[in-house]
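Please read through the structure below; I'll follow up with questions.
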2 protein chains.
Amino acid sequence: MTHTLVASATKEIIIGFDQPFCVIGERINPTGRKKLAAEMQAGDFSTVTADVLAQVAAGATMLDVNAGVTAVDPNETEPPLMRQTLELVQSLTDLPISIDSSVPAALAAGLEVCKGRPLVNSVTGEEDRLEIILPLIKKYNVPVVAISNDENGISEDPDVRFEVAKKIVEHAADYGIPAHDIVVDPLVMPIGAMGTAGLQVFTLVRRLREELKVNTTCGASNVSFGLPHRHGINAAFLPMAIAAGMTSAIMNPVRPAEMEAVHAANVLMGNDQDCTNWIRTYRDRVAAPAGAPAAANAVAPSSGGRRRGGRAARRAS
Amino acid sequence: MTHTLVASATKEIIIGFDQPFCVIGERINPTGRKKLAAEMQAGDFSTVTADVLAQVAAGATMLDVNAGVTAVDPNETEPPLMRQTLELVQSLTDLPISIDSSVPAALAAGLEVCKGRPLVNSVTGEEDRLEIILPLIKKYNVPVVAISNDENGISEDPDVRFEVAKKIVEHAADYGIPAHDIVVDPLVMPIGAMGTAGLQVFTLVRRLREELKVNTTCGASNVSFGLPHRHGINAAFLPMAIAAGMTSAIMNPVRPAEMEAVHAANVLMGNDQDCTNWIRTYRDRVAAPAGAPAAANAVAPSSGGRRRGGRAARRAS
C-alpha cells in the first residue's frame, strides 16, 4: 500500500488509497489574483491570514502556499516572500504545507523554514528541473508533486503523459527517492475543450496507481474551465477521480459542493470509518423537498473524524 | 459495444457505455406509499399523473411502473391494475417504460398493453422465476433487469452475486436471449451498514461490463439508507458508479442533486457531445459565493440534447 507521509511540526497526514482524500487548499496563491499579489508585495498579509483560517475551518487536509507575486525578477522577490509567508502560515495553523513555486530558489527557501515534512509542488519531466529539484527533495527527505509535462510541453496523448511520469519516478529512484514520495499530477484538461479529458484522467490515475504505485493529485477545477455552473462539474469529477484511485487534489475547500462530494466519496470508498465524519458534518442538514434546488442549510464542514497516523490521532482538530 | 434498445410507440432509447446515463424514474410505485396504494386501488390516478409529469419535466429517460398495491392476493389485483396504470402512463408521455412487478401475471399483463419495447423489471436467479419470466422475455423480444440474488437470498459476497448474474445470462442464452438484452442489477447494500458496499459495486459493475458485456442498473438510493443528508451520498455514488461503467439507475429524477450529478457525469464520460445538454441546463445558474451553501437557483433540468437513436433523433423532447 502506497503511503506518502506529510507533516507539520505537530500533525502528520498520510496520503494513500486507504485514507480519506487529501484536500490541498489552493487559496494562498497570488497567481491571477492581482489584489492579493499587490498586498503581499506591500507586506500586507491580511488576505493570506483570512484564507488560511477559512480553509482550515472548511476542513482542508493541508495548505498549498505560493508566493509568486510577479513575473519580473522572481528569483529575487519570491524566495524571501515565500519564507515570510510560510512563517506566517505556520503560526496560524498546524496543517501540513505544500510549498508551491516554479522558482527553485523559492522552493529551497521554503524548505529552510518549513517544519515537519512539507510537500514540494512541483517538479516536471524537464531535465534541467529534475537535476535542480530532485537533489533538494533528497536533501530534505520530503515528497514532491511530479507534473506530467516535459521539454515538449503538455501532451494531449495520455500515454505520453504516463511515460513522462514514469521517467520522473525512475529519475527520482536514481537519487534514492522512493515512488511513495512522488505524487503524480497527470494533468487535467478542460472537458469543454476536449471531450475525452475525463476518461483520460480516470484511465491515467488507474495506471499510475497500478503500474507505478504512486499517489496522485491534480488541479481539480481545471476540468470545468469555460463551462457554466463549474461547481457541478467539479463535484462529479472529484468522486469519479477518487473512484479511479486519485488520492489528493489541489482545490478550493471553501466551496461546499466540492467538499460535500469529497466527504461522500470518502464514505463510499470505505475511508470514513462508520461514516463518523459524514454523520458529524451533515446530521443536522435538512433535505430540500423534491423538486426544489439542492439543500441550502449552511453547515460548517468538520475536519474531525478523519483517520490520521501518528501524533495526529491524539489531537482534536 | 453493448447496446440495449428500449422504446415506446414513438421514442427509442439506447442504454449503453457510450450513451448518456439512463435515468429510470422510480416514482410510480405504491410500495411503501400507503396513500398512493389506496388511491390506485380506489381508481384515483391523480398522484400517478402528477408523478408522470414531474418525472418527465425533470428529465427522466424512461419511467418505471409498479402497481403492487397489496400483498393480499396480488395475482388477482395486480395484473388489471398494471394494465390500467400502463395505459394511463402511455397516454401521458412518450418515454419508454419499465414494467415493474414481482408477480409474473402482472408482467405478462403489462407486456400485453405496453407499446414499443419496454424493459421488464425483473427476473432473479431463482430457478422457478427464470422458468416463468425468460419465456415471456423471449416471446415479446424485450430486455429484462436481472437481479443478482437467488434461492439463497442476497449474498454479501460480491463474487457470489457475480456468479448469480452469470447464471442468469447463461440461462437467457439458452432461450436465445442475447446478453445485450440483460441489464444486471448487482444489488447495492447500504454503506452505513457495510463499509465495503461502494467498493463492491464499483468492482462488480466493472466485471459485469468487461466479462459479461452487460449493461447494469441499481436502486441508487439504497446506498445511503439510514444516513443523514442522503442526497449528498447519492450524488457522489452515481458519478462513481458511472465511472465504473454503470449505465442506468432506478432513481428519483425529481431530486436536483442526483440529476445534476448525472448530467455532470455524462459530460465527464464524454457522453454529452460538446457539453450541449450541460450548457443548456445550467447556463443561467449563478454560482453560490465561496463559503455559502450549494447554489440555490432553481433551473428546470433539460432532457434535450441527449443523443438518441432512430426516430427519437428527429423528435424534440
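Please read these numbers as outputs of a predicted model, since none were measured by experiment. In what follows, chains are A, B, ... by sequence order, proteins preceding strands, each numbered from 1.
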* To do: Name, in order of residue number, those residues of residues 193-213 of chain B that have a heavy atom at a distance of less than 4.5 Å from a heavy atom in chain A; otherwise write 'none'.
  =>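 From residues 193-213 of chain B, the residues near chain A are B:G195, B:G198, B:L199, B:F202, B:R206.
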
* chain B contacts, top residue of A:G192, A:S224, A:P228, A:A243 (heavy-atom pairs, under 4.5 Å) ->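 The candidate making the most pairs under 4.5 Å is A:P228.
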
* Begin from the C-alpha positions of B:T281 and B:E260 and carry the test side-chain contact (heavy atoms from CB on, under 4.5 Å) through to its verdict. => CA-CA 9 Å; B:T281 307; B:E260 180 175 312; over 6 Å; no

* Between A:I191 and chain B, which part of the residue has a heavy atom less than 4.5 Å away: side chain, backbone, both or neither? ->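 Both backbone and side chain of A:I191 come within 4.5 Å of chain B.
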
* To do: Please identify each residue that fulfils side chain to side chain contact (heavy atoms under 4.5 Å, CB included) with B:R33, with sequence neighbours left out.
  =>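 So B:R33 forms a side chain to side chain contact (heavy atoms under 4.5 Å, CB included) with B:R27, B:L36, B:T47, B:D51.
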
* Non-neighbouring partners of A:K34 that pass salt bridge (charged side-chain N to carboxylate O under 4.0 Å, His left out), sequence neighbours left out ->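 Scan of A:K34 (salt bridge (charged side-chain N to carboxylate O under 4.0 Å, His left out), adjacent residues dropped) gives none.
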
* To do: Identify the two heavy atoms, one from B:M62 and one from B:C22, that lie closest to each other, and give their separation to 0.1 Å.
  =>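 For B:M62 and B:C22, the tightest heavy-atom pair comes out as SD-SG, 3.6 Å.
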
* **Within-4.5 Å side-chain heavy-atom neighbours: B:L238 and B:F21** =>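 They are in contact (side-chain heavy atoms under 4.5 Å apart), so the answer is yes.
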
* Taking every heavy-atom pair that is under 4.5 Å apart, which of B:V223, B:N234, B:V267 has the most such pairs with chain A? ->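 The answer is B:V267.
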
* Asked: Under a 4.5 Å heavy-atom cutoff, which of B:P239, B:A235, B:A265 has the most pairs with chain A?
  ->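 Result: the option with the highest number of such pairs is B:P239.
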
* To do: Look at the aromatic rings of A:Y282 and A:H263 and report parallel, tilted or perpendicular, splitting at 30° and 60°.
  =>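 Plane angle over 60°, so perpendicular.
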
* To do: Heavy-atom pairs under 4.5 Å with chain B are the metric here; pick the option from A:A241, A:G232, A:A244, A:A54 that has the most.
  =>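 Highest number of heavy-atom pairs under 4.5 Å: A:G232.
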
* About how many Å separate CD of B:E26 and OG1 of B:T31, when rounded to the nearest 0.5 Å? ->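 Rounded to the nearest 0.5 Å, the OG1-CD separation comes out at 10.5 Å.
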
* Asked: A:D274: what forms a side chain to side chain contact (heavy atoms under 4.5 Å, CB included) with it, not counting sequence neighbours?
  ->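 So A:D274 forms a side chain to side chain contact (heavy atoms under 4.5 Å, CB included) with A:T276.
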
* Contact part of B:A261 toward chain A, heavy-atom cut-off under 4.5 Å: side chain, backbone, both or neither? ->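 Looking at B:A261, just its backbone touches chain A.
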
* Asked: Closest approach of B:V184 and B:S148, non-hydrogen atoms and distance?
  ->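 Looking at all heavy atoms of both residues, the closest pair is CG1-OG, 3.7 Å.
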
